Amino acid sequence: MSTKPKLYYFDGRGKMESIRWLLAAAGVEFEEEFLETRDQYEKLLQGGSLMFQQVPMVEIDGMRMVQTRAILSYIAAKYNLYGKDLTERALIDMYVGGTDDLMGFILMFPFLSAEDKEKQRALIVQKATSRYFPVYEKVLKDHGHDFLVGNNFSWADVHLLEAILTVEEKKSDVLSGFPQLQAFKARISSIPAIKKFLEPGSQRKPVPDDKFVETVRRVLHMYYDVKAN
Amino acid sequence: MSGKPRLTYLNGRGRMESIRWLLAAAGVEFEEVYLETKEQYDKLIKDGFLLFQQVPLVEIDGMKMVQTKAIMSYIAGKYNLYGKDLKERALIDMYVEGISDLMQMILMFPFSPPDAKEKNIESIKERATNRYFPVFEKVLKQHGQDFLVGNKFSWADVQLIEAILAVEEKVPAVLSGFPQLQVFKTKMSNMPTIKKFLQPGSPRKPPPDAHYVETVLKVFKK
């Protein structure tokens, strides 16, 4: 196994994108193997590489890690993006839980029917602007620091930026009522490792399209209709 | 704030049950506040208790913690149920997340329409016996130890025993192909704190019934 982490997933965002973001933010180079055929997936299954028969899977430090949150927690801790003590970790976990729930509404979006997509878009914007963004806006306003937790760059900041940009793709002016978040977005985007990740040619994946949906359905034999939350 | 953690949720399992299990397993006494009306819930939100307007809420060590995973990670970390290093924590996290996916099916079950219930039990049975239980059966067989990770009692063991019992309520013979898990179930059930939690009169909640579903729908009605 090479020393760089190796990511096994489709050539697209899905559940792996947050992991790409976090590794990139930590300045960690990684390799990727893209699942394109059912055969590849079955080979991984038969080889026993997928603990619960699912991807994402990340080979890192001699482990074949699965379960997105487990992988993210490991990376955060390893690269000192998880706060300085249990209390800061608790805050980071809470904040990431929120942005994770928000991004969860977007994860299924490409798989929805055209009609459901419109409803879901409205739901995403409503949740973002009434439940999630106000929380982070207030956190930043109350302590006046550059970063969400402990005046130090952490996983929570990376995840929030990812969430902001992803929601903006659904409604470009969604930050209009949130001055703190606008400043946060500019600040975190200009951190060198993140700036690099946001440039063309990085391993950041584009907005999922029909080809991505087709690939996922084909590889996972996931042909059922996906309903909106 | 009193020394004991205070849990705010409905008087039933839902997402709070795993937290009750973990606190109990750690030997930590806790208080509970039960949501019975929409007004109580709206007041909690208005008073700024619920970071994302959701329960579970656990008041612990001066924090108003929300987000089930965050709460459990904190409890596991605080009470030494999270392994001895990053790698053990990674294993525990993987196991817990997997089991949690299985528990999610059980969580949603009471809210599924009556004509889907039989199909859902089949799905739970299929996932438990083909995807999740084989993993832990193999882990226990390979290292031959009593506990899943690092030869020491951890959050992963608590989550697994909770899941086994919850699935058994739906699929009574589900452990029949899993001798290691049968032994594991007996061993965990006999650990003093867990044994106490499994006795009548403990904070453990019964399987969700129609009244529980009704209360959930009423309290969280938009």
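Residue numbering restarts at 1 for every chain, and letters A, B, ... go by the order of the sequence lines. Just so it is clear, the model here is predicted, and its values are computed rather than measured.
Contacts with chain A were tallied for B:I71, B:L51, B:N130; B:L51 has the most, counting heavy-atom pairs under 4.5 Å. Per-residue heavy-atom pair counts under 4.5 Å with chain A were compared for B:G77, B:S73, B:G98, and the maximum is reached by B:G98.
Applying the salt bridge (charged side-chain N to carboxylate O under 4.0 Å, His left out) test to residues at least two apart or on different chains, the pairs with a partner in residues 43-57 of chain B are B:K43-B:D47.
Contact annotation for B:K138: neither backbone nor side-chain heavy atoms come within less than 4.5 Å of a heavy atom of chain A. Residue A:V135 touches chain B through its side chain alone, counting heavy-atom pairs closer than 4.5 Å. The contact between B:V66 and chain A is made by backbone and side chain atoms together, counting heavy-atom distances below 4.5 Å. With a 4.5 Å cut-off on non-hydrogen atoms, B:R131 touches chain A through its backbone and its side chain both. Heavy-atom distances place the side chain of B:D101, and not its backbone, under 4.5 Å from chain A.
Residues of residues 105-121 of chain B never come within less than 4.5 angstrom of chain A, heavy atom to heavy atom. Listed by sequence position, A:Y82, A:L86, A:T87 are the residues of residues 81-88 of chain A in contact with chain B, using a 4.5 angstrom heavy-atom cutoff.
Taking the side-chain contact (heavy atoms from CB on, under 4.5 Å) definition, one finds that B:T215 meets it with B:L10, B:H211, B:V219, sequence neighbours left out.
Not one N or O on the side chain of B:Q67 forms a donor-acceptor pair closer than 3.5 Å with the backbone of A:V96.
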